[in-house]
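Computed from a predicted structure; not experimentally measured. Only heavy atoms go into these numbers, but all of them, side chains included; no hydrogens, no water, no symmetry mates. The chains referred to below are lettered A, B, ... by the order of the sequence lines, with proteins before strands, and numbering in each begins at 1.
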2 protein chains.
Amino acid sequence: MESTNENVRSQMRKGVLEYCILCILSKREAYASNIIEELKAANMIVVEGTLYPLLIRQKNQGLLTYRWEESTQGPPRKYYGITEKGRAQLAEMDAAWQEMVESIDTLKR
Amino acid sequence: MESTNENVRSQMRKGVLEYCILCILSKREAYASNIIEELKAANMIVVEGTLYPLLIRQKNQGLLTYRWEESTQGPPRKYYGITEKGRAQLAEMDAAWQEMVESIDTLKR
DNA sequence: ACAGATACTTTGCAATACAAAGTACTAAAA
DNA sequence: TTTTAGTACTTTGTATTGCAAAGTATCTGT
């Protein structure tokens with residue numbers, strides 16, 4: 001019976017990960033490994049197979065852009081940055097997140 | 001292009017709804033309409049087609065039980081209540097929720 | 001009997017997170 | 001030069017979820 005614990009957290013992450021990505025990229029450009037590190041530092045574990053498709057989705061929606069940059073330590077990296085549209089979406093998600101936190105608060109009462 | 005607004009909220013609800021149900025039922029027994037009312041009062045809109053399958057899932061997992069009760073205003077109602085296992089799961093989810101709130105806080109910094 | 005209200009159920013769909021396997025590029029070792 | 005290890009990115013298949021919409025069942029009042 002593998003950790004229902006992790007399963008609970010995994011389910012809760014749904015729909016919030018997009019928000020996390022925008023939060024991170026709103027502060028600075030980053031490539032996938034940077035993002036995974038930052039998420040890990042915030043206790044929000046994510047694996048490559050989750051992150052890459054997510055970045056591509058957000059890029060296709062016009063929320064992100066990217067540029068290639070050479071690396072001295074391996075293949076070139078895709079550095080992602082947030083667009084104006086992405087910032088608008090982030091504002092929307094900030095509001096949605098706040099509302100949800102308040103909803104749970106209300107229910108806990 | 002229909003309200004991306006609602007879509008954002010809908011995605012964020014994923015995985016949190018189960019938590020909400022357990023919160024509500026940890027305080028008192030309730031049948032579906034009660035639960036929907038309470039969710040609506042907390043600004044967390046949910047429709048029947050979402051709630052019923054969810055209650056059935058949680059019952060099958062042993063987190064909930066139910067009993068039929070006659071009504072003076074229509075067909076009998078299924079009153080759901082939380083089980084011991086459900087309370088354990090709720091505690092797990094409380095922790096997971098707290099962690100996620102902290103994670104987002106960290107990322108916002 | 002029938003109509004309307006209430007309550008519960010089922011079906012089909014789109015979106016998500018993940019594991020796992022695969023592709024591509026670079027630098028250092030053999 | 002060829003091979004190996006490391007890094008980075010991509011793709012595929014699966015299970016779970018939330019939802020709209022349509023369907024079934026029960027009760028009450030006319």
Checking B/Lys14 side chain against A/Val16 main chain: does a donor-acceptor pair fall under 3.5 Å? no
Quick one: does B/Ser71's side chain have a donor or acceptor within less than 3.5 Å of a partner on B/Pro76's backbone? no
Could you report the tightest heavy-atom contact between [X] and [Y], atom names first, then the distance?
| X | Y | result |
| --- | --- | --- |
| B/Met12 | A/Gly15 | CG-O, 3.6 Å |
| B/Ser26 | B/Ile82 | CA-CG2, 4.0 Å |
| B/Leu22 | B/Met93 | CD1-SD, 3.9 Å |

Between A/Glu92 and B/Arg9, is the side chain to side chain contact (heavy atoms under 4.5 Å, CB included) condition met? List the steps. CA-CA 9 Å; A/Glu92 192 58 57; B/Arg9 281 163 178 72; 3.2 Å; yes
Could you state the [atom1]-[atom2] distance from [X] to [N], rounded to the nearest angstrom?
| X | N | atom1 | atom2 | result |
| --- | --- | --- | --- | --- |
| B/Leu55 | C/dT10 | CG | P | 13 Å |
| B/Glu48 | C/dT11 | CD | P | 17 Å |
| B/Trp68 | C/dA7 | CH2 | P | 11 Å |

Student check: side-chain heavy atoms of [X] and [Y] closer than 4.5 Å:
| X | Y | result |
| --- | --- | --- |
| A/Glu84 | A/Gln89 | no |
| B/Trp97 | A/Ile104 | yes |
| B/Leu90 | B/Tyr19 | yes |

Report all side-chain donor-acceptor pairs from residues 32-56 of chain A shorter than 3.5 Å, counting only partners two or more places apart or in another chain.
| residue | atom | partner | partner atom | Å |
| --- | --- | --- | --- | --- |
| A/Asn34 | OD1 | A/Tyr31 | N | 3.2 |
| A/Glu38 | OE1 | A/Arg28 | NH1 | 2.9 |

Using a 4.0 Å cut-off on protein heavy atoms (strictly under), produce a 5'-to-3' string for nucleotides 25-30 of chain C with B for base contact, S for backbone-only sugar-phosphate contact, and - for none. BS----
What string of B, S and - do you get for nucleotides 14-19 of chain C, 5' to 3', if B is base contact, S is sugar-phosphate-only contact and - is no contact with any protein heavy atom under 4.0 Å? -BBSBB
Which pairs, with at least one residue in residues 65-77 of chain B and sequence neighbours excluded, count as a salt bridge (Lys or Arg N to Asp or Glu O under 4.0 Å)? B/Glu29-B/Arg67, B/Arg67-B/Glu69
Summary of salt bridge (Lys or Arg N to Asp or Glu O under 4.0 Å) pairs that have at least one residue in residues 100-109 of chain B, sequence neighbours excluded: A/Asp94-B/Lys108
Tell me whether A/Tyr79 shares a hydrophobic cluster with A/Ile24, the cluster being built from Ile, Leu, Val, Met, Phe, Trp, Tyr side chains joined at under 4.5 Å. no
Which distance, rounded to the nearest 0.5 Å, do you find between the CD of A/Glu18 and the SG of A/Cys23? 11.5 Å
Which residues in residues 24-40 of chain A have a heavy atom closer than 4.0 Å to any atom of DNA chain C? none
Please walk me through it: do B/Ile21 and B/Gln58 pass side chain to side chain contact (heavy atoms under 4.5 Å, CB included)? CA-CA 9 Å; B/Ile21 304 309; B/Gln58 292 189 309; 3.3 Å; yes
Name the first nucleotide and the last nucleotide along DNA chain D (5' to 3') that come under 4.0 Å of a heavy atom in chain B. D/dT17 to D/dT28
Let me test you: for the helix from C/dA1-D/dT30 to C/dA30-D/dT1, what is the angle between the axes at its two ends (five pairs each), rounded to 10 degrees? 20°
